[in-house]
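Everything on this sheet refers to the single structure shown next.
The residues of the chain are indexed from 1 along the displayed sequence. Remember, it's 1-based here, ligands and their atoms both numbered in the order they're listed.
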Amino acid sequence: MNINKVAVIGGGTMGSGIAEVCAKSGIDTIVIEADAAAAETAQARIDKSMDNAVSRERMSADDRVAAGSLLRFETELSTLDDRDLVIEAIVENEQIKLDLFRKLDEITPAHAILASNTSSIPIINIATATSRPGQVLGLHFFNPATVQKLCEIVVSIATDDDVLATAQSFAEKRLGKETILSQDRAGFIVNRLLVPYLLQAIALFDTGQASREDIDNGMRFGCAHPMGPLTLCDLIGLDTIQSVAEVLYAEFKEPTYAPPPLLKRMVSGGRLGRKTGMGFYEY
Ligand code: NAI
């Protein structure tokens, strides 16, 4: 199946980036937002990002106009009756996502693939909210989606092989992403590796064995990471790390995934990282 018409549900941090990537790749894209004001905000966010790409000469003015003409912003799911692929990127709340997928199942054409950008909700739970579980999978983009090359593809025990092949080909050939394939387990591949590493860095800092700078510099200069783990925690947001750690711990019940006490205290104290001006560093 060829994917020519896409919808992205939710035009926030991730959805706006995913929609921009689709439009830049020449794909007719509808962004659905919760209401008119949110749709305007999403459009402004994408416009600003594409204008920046033009001013930094990463995109030609003609391509900017072409991409802009492929994007539509809507608030009604009924506009999705001709879509080949829907990528959901709304709030990380299982009940809200299940309600949405039930509606998408009723509105989208029978051939449409329904994908979620969820970081932690089992794909099989989303799939079974629809009458087409074989056509549901995870397409997990990374932040910012316009810059990060990776798209993790997540298949549930119900995902059909041809649906996986179509989605993989779309992500690689149409969007130019690198893909990796994961079974439907908490954390998929990247967060399952990354989060315990970040938790270990926090626990190490908490023992007083080393300073924040030395922990970060150890990984920057010893392992060529672009930034150290505590700087990365501040960038991601400590609340996000705590919630992903809780999901991993709930799934595997292994101490390595348990949020360390310092992380929980910092989240309780509102020291969430860059977004609140204070985390392991001050901003
Ligand atoms: P966000 O809060 O920035 O954006 C969510 C957007 O969805 C908002 O603009 C909101 O108005 C809209 N929305 C909520 N309910 C809606 C509905 N029923 N219909 C239409 N629009 C609706 O959230 P963010 O960070 O973009 O996360 C979205 C998803 O992507 C979540 O599942 C999250 O776990 C996942 N994710 C987030 C990453 C990140 O770094 N922020 C990375 C990878 C995945």
Side-chain angles (χ1 to χ4, degrees), residues 6-22 29-46 48-49 72-80 83 86-108 114-123 125-126 129 136-154 171 177 179-180 182 184 186-195 198 232-248 272-275:
V6 169
V8 178
I9 320 284
T13 308
M14 293 306 297
S16 62
I18 297 166
E20 183 180 336
V21 170
C22 290
T29 306
I30 296 179
V31 178
I32 297 279
E33 256 295 351
D35 54 44
E40 260 180 47
T41 307
Q43 181 159 16
R45 189 182 287 123
I46 297 177
K48 187 173 166 205
S49 170
R72 246 163 73 202
F73 295 82
E74 302 282 354
T75 56
E76 296 297 330
L77 293 175
S78 57
T79 54
L80 306 185
R83 299 291 105 179
V86 177
I87 305 172
E88 168 277 314
I90 67 168
V91 58
E92 189 73 345
N93 174 301
E94 182 160 343
Q95 217 44 59
I96 296 177
K97 285 200 201 279
L98 297 189
D99 286 346
L100 173 65
F101 274 83
R102 267 181 217 113
K103 291 182 193 147
L104 289 173
D105 188 37
E106 283 168 18
I107 288 159
T108 56
L114 305 180
S116 175
N117 188 51
T118 180
S119 304
S120 64
I121 296 165
I123 300 300
N125 297 9
I126 296 173
V136 176
L137 81 180
L139 288 179
H140 188 226
F141 292 82
F142 286 72
N143 187 13
T146 49
V147 176
Q148 301 284 14
K149 290 287 286 178
L150 186 64
C151 176
E152 242 176 345
I153 300 184
V154 186
K177 295 291 180 193
T179 67
I180 55 177
S182 173
D184 184 20
F188 313 136
I189 296 171
V190 174
N191 280 334
R192 188 154 169 198
L193 292 171
L194 177 65
V195 171
L198 298 178
L232 182 55
C233 286
D234 281 357
L235 185 69
I236 295 170
L238 272 61
D239 52 339
T240 304
I241 294 169
Q242 179 172 327
S243 65
V244 178
E246 280 164 353
V247 168
L248 284 164
L272 306 182
R274 274 181 187 273
K275 61 185 165 191

Atom pairs and distances, ligand 1 N/O vs protein N/O under 3.5 Å:
{"unit_1": "ligand 1", "atom_1": "3 (O)", "unit_2": "Thr13", "atom_2": "N", "d": "2.9"}
{"unit_1": "ligand 1", "atom_1": "3 (O)", "unit_2": "Thr13", "atom_2": "OG1", "d": "3.0"}
{"unit_1": "ligand 1", "atom_1": "9 (O)", "unit_2": "Glu33", "atom_2": "OE2", "d": "2.4"}
{"unit_1": "ligand 1", "atom_1": "11 (O)", "unit_2": "Glu33", "atom_2": "OE1", "d": "2.7"}
{"unit_1": "ligand 1", "atom_1": "11 (O)", "unit_2": "Glu33", "atom_2": "OE2", "d": "3.4"}
{"unit_1": "ligand 1", "atom_1": "21 (N)", "unit_2": "Ala34", "atom_2": "N", "d": "3.4"}
{"unit_1": "ligand 1", "atom_1": "26 (O)", "unit_2": "Thr13", "atom_2": "N", "d": "3.3"}
{"unit_1": "ligand 1", "atom_1": "26 (O)", "unit_2": "Met14", "atom_2": "N", "d": "2.8"}
{"unit_1": "ligand 1", "atom_1": "30 (O)", "unit_2": "Asn117", "atom_2": "ND2", "d": "3.0"}
{"unit_1": "ligand 1", "atom_1": "32 (O)", "unit_2": "Ile90", "atom_2": "O", "d": "3.4"}
{"unit_1": "ligand 1", "atom_1": "32 (O)", "unit_2": "Glu92", "atom_2": "OE1", "d": "2.5"}
{"unit_1": "ligand 1", "atom_1": "32 (O)", "unit_2": "Lys97", "atom_2": "NZ", "d": "2.8"}
{"unit_1": "ligand 1", "atom_1": "34 (O)", "unit_2": "Glu92", "atom_2": "OE1", "d": "3.0"}
{"unit_1": "ligand 1", "atom_1": "34 (O)", "unit_2": "Ser119", "atom_2": "OG", "d": "3.1"}
{"unit_1": "ligand 1", "atom_1": "36 (N)", "unit_2": "Ser119", "atom_2": "OG", "d": "3.3"}
{"unit_1": "ligand 1", "atom_1": "40 (O)", "unit_2": "Asn143", "atom_2": "ND2", "d": "3.3"}

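Counting only residues at least two apart or on different chains, the side chain to side chain donor-acceptor pair (under 3.5 Å) pairs with a member in residues 10-20 are Glu20-Lys24, Glu20-Ser49.
With sequence neighbours excluded, the residues that form a side chain to side chain donor-acceptor pair (under 3.5 Å) with Asp105 are Ser131, Arg132.
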In a table with atom names and distances, give each donor-acceptor pair under 3.5 Å that connects a side chain of residues 234-243 to protein atoms at least two apart or in another chain.
{"unit_1": "Asp234", "atom_1": "OD1", "unit_2": "Phe280", "atom_2": "N", "d": "2.9"}
{"unit_1": "Asp234", "atom_1": "OD2", "unit_2": "Phe280", "atom_2": "N", "d": "3.1"}
{"unit_1": "Asp234", "atom_1": "OD2", "unit_2": "Tyr281", "atom_2": "N", "d": "3.0"}
{"unit_1": "Asp234", "atom_1": "OD2", "unit_2": "Tyr283", "atom_2": "OH", "d": "2.6"}
{"unit_1": "Asp239", "atom_1": "OD1", "unit_2": "Lys275", "atom_2": "NZ", "d": "2.9"}
{"unit_1": "Asp239", "atom_1": "OD2", "unit_2": "Lys275", "atom_2": "NZ", "d": "3.2"}
{"unit_1": "Gln242", "atom_1": "NE2", "unit_2": "Glu246", "atom_2": "OE2", "d": "3.0"}
{"unit_1": "Ser243", "atom_1": "OG", "unit_2": "Asp239", "atom_2": "O", "d": "3.4"}
{"unit_1": "Ser243", "atom_1": "OG", "unit_2": "Thr240", "atom_2": "O", "d": "3.1"}

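Judged purely by distance below 3.5 Å, without hydrogens or angles, the side chains of Glu152 and Thr179 never pair a donor atom with an acceptor atom. Remark: the Asn143 side chain and the Gln148 side chain contain no N/O donor-acceptor pair separated by less than 3.5 Å.
Within the 4.5 Å cutoff, the side chain of Ile180 has no heavy atoms near those of the Ile153 side chain.
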